[in-house]
Amino acid sequence: MTLWGGRFSTKLNDLAWELNSSLPVDGRMAIQDVDGSLAWADALYKANILSDEEHASIALGLAAVKEEFSSGQFSFVPSDEDIHTAVERRLTELIGPIAGKLHTGRSRNDQVATDFRLWVLEAIPVLNAALKDLQSALVEQAELAGETLMPGYTHLQRAQPILLGHWWLSHYWPLQRDRERLTDLTARVSILPLGSGALSGTPVPVDRAALAESLGFAVASPNSLDAVSDRDFATEFLFCATMTGIHLSKLAEQIVLYTSAEFGFFELSDSFSTGSSLMPQKKNPDVFELTRGKAGTLIGMLTGLLATLKGLPSTYDKDLQEDKAPVFQATDTLLAILPVIAGALRTITAKPERMRSAIDSFMMATDLADYLVSKGIPFRETHAIAGKAVRAAGEKNIGLEELPLEAYQALCPAFEADVYQVFDPLKSVEKRNAIGGTSPQSVKNQITKCRKNI
Ligand code: ARG
C-alpha cells in the first residue's frame, strides 16, 4: 500500500522506489509519528470529523501500534515507503478502512515536520544530561587538582603559570554555553507544524493551539507555508551539536598532546587507552583522537544540511528528506563520545611534578615587569627592562632566578633583593585574584559557580 497512486497507471520503478523510500532513516520517528497521529485523531474528533466510535477505534488502534513499536514487535513490510505509511498501513490492518479517515486534512508534509520537531525536542534534554555529566567530571578534576601548578601556553609557547584546576574549568564553560544554546533552541523547535496541511493550511476546523498544547509544543506555527518548508530548527540543532564537537575536539587535542612523553602531564587509565598491534609499548589516546576526528564529520553534517536548504523553492521539496540523517547521526555521535570522554577524564592521572618542572622562571617575566610597576615605573618601560633581563639570562644560558642582583640593578636601580620572590610560580598565580583569574581563591569561587549548573 502507498498513500498515493490513484492517478498512476503503473507502479513506481523498483530502483526509484529504493531511492524514494525514507524508512531506513525516518523509522526512528515511529513513536513521534504515532503520538502525532493520536493527537490529530483527537483534533478531528473535536472538530466533528470523527464519530465517537471512529475516534475510539482509531485511538485504540494507534495505541496498539505504539505498543508494537515499544515492544519491538512491529514488523515493517516492503511497501512501507516511510514511517507515516507504515503506521497507517498497520492501523488499517488492525481496524480496517476507518483508518483511512485519520489522514483527513493532514499531509505528510506537516506530519513529518511535526515528528521531526518532536524528535529533536526529546533529544535536547538527553544531550544536555550527557553534557552535564562531562561538566561534573571536569569539576571533580578541578577540585582534585587543588593548588597544582601547570604551564599555561599561548602560541603553544610557555607563557605564564596557571592552576591545573583553572585549566580543567576552561573546558567546563564552553560546555555550559553549549547547554544554554540547546535550551534556547527549544523555544524555536517547540512550534507545531501539524494543521498546516500540505502547504496552505487545513480545511478542518481544528483548534491548533489546543493541538499544540496536547503534543507539548509551546505554540502553533503562524504560517503554513513556512511551517512545512523550513528546517532552521534542524540546522540550528546541528550547529549546537557541531559547536559541542569543536569544544570537545579542542579538549581532546590538548589531552593527546599532554599525554605524549614529550609533555607527560597526564596518563590515561588503561580502560580508556588502546594499544598497537605492532609496537608492544604503545598506549594510544584513540578515544580523544576519534573525538577530534568526529568534530570534522559534524561540521560536514551541518554544512551539508545548509547546502540542502540553500535555494529551495517554497514550500515542501523532497530535498528536505535529507534533513533527518545528519541530525540523527550528529546526536548519535555526541551521545557516543560524551560518556567516553567523561569516563576517560574521571580516570586520568595528572603528573604534577612534570607540570611543575615545565614551569621555568622565564614564565614569570611578566611578574618581573609587574614588580617594577609596584615601584612606580610605567608598565611600558618595565616590559622593556624585563625583556632585557630575559635576554641577559638567555645569553648566559641561565634562568632569571640565577641572574645576580647587580645585573638586575644595572638594568634598573629600582630592583632590590626581594626581586627573587617574583620567580615563585605559586605567588604568580596568587596575584591573579580578580574574577576569572587563576588564583587559588578565584578558582575556588569558580568551582562554586560551576557546581550550581551540575
Ligand atoms: N519522507 C518525507 C520526508 O522525510 C516525508 C514527507 C513526504 N512528503 C511528500 N510530499 N512526499 O521529508
Side-chain angles (χ1 to χ4, degrees), residues 1-8 11-37 39-40 65 69 74 76-91 100 102-123 189 191-203 215 221 224-238 301 304-332:
M1 160 188 140
T2 57
L3 299 180
W4 43 276
R7 63 153 294 159
F8 293 89
K11 71 177 188 58
L12 183 62
N13 168 280
D14 286 346
L15 294 176
W17 170 269
E18 285 296 322
L19 175 66
N20 194 47
S21 167
S22 56
L23 189 62
V25 174
D26 62 31
R28 283 180 71 162
M29 304 192 303
I31 298 293
Q32 292 78 6
D33 197 73
V34 179
D35 285 344
S37 292
W40 187 244
V65 173
F69 279 121
F74 191 96
F76 290 103
V77 301
S79 65
D80 291 340
E81 177 187 344
D82 52 26
I83 191 62
H84 326 297
T85 311
V87 170
E88 197 173 322
R89 187 261 312 154
R90 183 67 186 133
L91 184 65
L102 175 61
H103 212 55
T104 312
R106 182 178 75 167
S107 158
R108 281 182 295 168
N109 297 353
D110 57 352
Q111 197 179 349
V112 74
T114 301
D115 294 0
F116 195 18
R117 283 177 184 265
L118 279 174
W119 195 93
V120 172
L121 283 174
E122 284 168 35
V189 185
I191 302 170
L192 174 78
L194 197 60
S196 297
L199 72 160
S200 59
T202 182
L215 277 169
S221 56
S224 61
L225 307 176
D226 176 42
V228 296
S229 64
D230 210 324
R231 294 294 184 269
D232 54 3
F233 70 96
T235 318
E236 209 178 330
F237 177 82
L238 278 175
M301 295 175 207
L305 183 57
L306 284 167
T308 298
L309 298 179
K310 181 195 168 294
L312 279 190
S314 170
T315 56
Y316 181 83
D317 305 277
K318 201 58 179 266
D319 315 46
L320 292 175
Q321 186 163 283
E322 295 296 307
D323 60 357
K324 285 168 283 307
V327 167
F328 295 165
Q329 200 191 333
T331 309
D332 292 346

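In listed order, ligands and their atoms are each counted from 1. By convention here, the first residue in the shown sequence is residue 1.
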(Q) Please find the pair of heavy atoms, one from Thr114 and one from Leu194, that lie closest to each other, and give the distance. (A)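 The pair with the smallest heavy-atom distance is OG1-N, 3.0 Å.
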(Q) Looking at Asp332 and Arg28, is any side-chain nitrogen of the basic one under 4.0 Å from a carboxylate oxygen of the acidic one? (A) yes
Q. Is Arg108 salt-bridged to Glu88, cutoff N-O under 4.0 Å?
A. no
Q. Can a donor-acceptor pair be found between the side chains of Thr235 and Asp232 at a distance below 3.5 Å?
A.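 The answer is no; no qualifying pair exists.
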Q. Atoms of ligand 1 less than 4.0 Å from Ser22 heavy atoms?
A. 1 (N)
Q | Those atoms of ligand 1 less than 4.0 Å from some heavy atom in Gln321 | A |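 Numbered from 1, ligand 1 contributes 1 (N), 2 (C), 3 (C), 4 (O), 12 (O).
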Q. Which residue and non-hydrogen atom of the protein lie closest to atom 7 (C) of ligand 1, and at what distance in Å?
A. Tyr316 OH, 3.6 Å
Q | Within-cut-off N or O pair, Arg231 and ligand 1, under 3.5 Å | A | no
Q: Please confirm whether Asn109 comes within less than 3.5 Å of ligand 1 when only nitrogen or oxygen atoms on both sides are compared.
A: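 So ligand 1 has an N or O lying under 3.5 Å from an N or O of Asn109.
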Q: Answer with side chain, backbone, both or neither: which part of Lys324 has a heavy atom less than 4.0 angstrom from an atom of ligand 1?
A: side chain
**Q.** Whether Phe116 and Phe233 hold their rings parallel, tilted or perpendicular, with breakpoints at 30° and 60°
**A.**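 Correct class here is perpendicular.
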